Amino acid sequence: MRILNGRVFGDTLGNFTCYSHTGSPSVIDYMASSIGLLSSIKSFTVNELTEFSIHCSLSVNISTGQY
């Protein structure tokens, strides 16, 4: 298994995923992939913070080879 945060196109800087009201920003939300699936992952994104949660949603773009 490999953690995608900070390793994949779209999030190479390892953006923060949680902005707590009482502490510093952190990366407590992450996405993991098997080693075999890594070559199919085209991008991973930590989305913008919204007013509904202190956690950012995560998105991944996976190529299936189908059109």
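Given the structure is predicted, the values throughout are model-derived calculations rather than measurements.
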Undergrad: Do F16 and C56 have side chains that approach each other closer than 4.5 Å (heavy atoms only, starting at C-beta)?
TA: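 Heavy-atom side-chain distance check fails, nothing below 4.5 Å.
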Undergrad: For the pair D11 (side chain) and T45 (backbone), establish whether a donor and an acceptor sit closer than 3.5 Å, ignoring hydrogens and angles.
TA: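 Checking the backbone N and O of T45 against the side chain of D11, no donor-acceptor pair under 3.5 Å is found.
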Undergrad: Write down the atom of I3, the atom of Y30, and the distance for their closest heavy-atom approach.
TA: CG2-CB, 4.1 Å
Undergrad: So among I54, L49, L58, which one has a side chain to side chain contact (heavy atoms under 4.5 Å, CB included) with T17?
TA: L58
Undergrad: Please report, to 0.1 Å, the donor-acceptor pairs under 3.5 Å made by any side chain of residues 35-42, with sequence neighbours excluded.
TA:
none

Undergrad: If I take atom CG from residue L4 and atom OG from residue S33, how far apart are they, to the nearest 0.5 angstrom?
TA: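 With rounding to 0.5 Å, CG (L4) is 5.5 Å from OG (S33).
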Undergrad: Rounded at 0.5 Å granularity, tell me how far OH in Y19 sits from OG in S26.
TA: 9.0 Å
Undergrad: Taking a hydrophobic cluster as the set of Ile, Leu, Val, Met, Phe, Trp and Tyr residues connected by side-chain heavy atoms closer than 4.5 Å, whether directly or through intermediates, do V46 and V60 fall within one such cluster?
TA: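 Per the 4.5 Å side-chain linkage, V46 and V60 are co-clustered.
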Undergrad: Hey, is the main chain of M31 close enough, under 3.5 Å, to the side chain of N5 for a donor-acceptor pair?
TA: yes
Undergrad: Can you establish whether the number of heavy atoms outside F9 located under 6.0 Å from its atom CZ is more than 12?
TA: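 Open: at most 12 neighbouring heavy atoms sit under 6.0 Å from CZ of F9.
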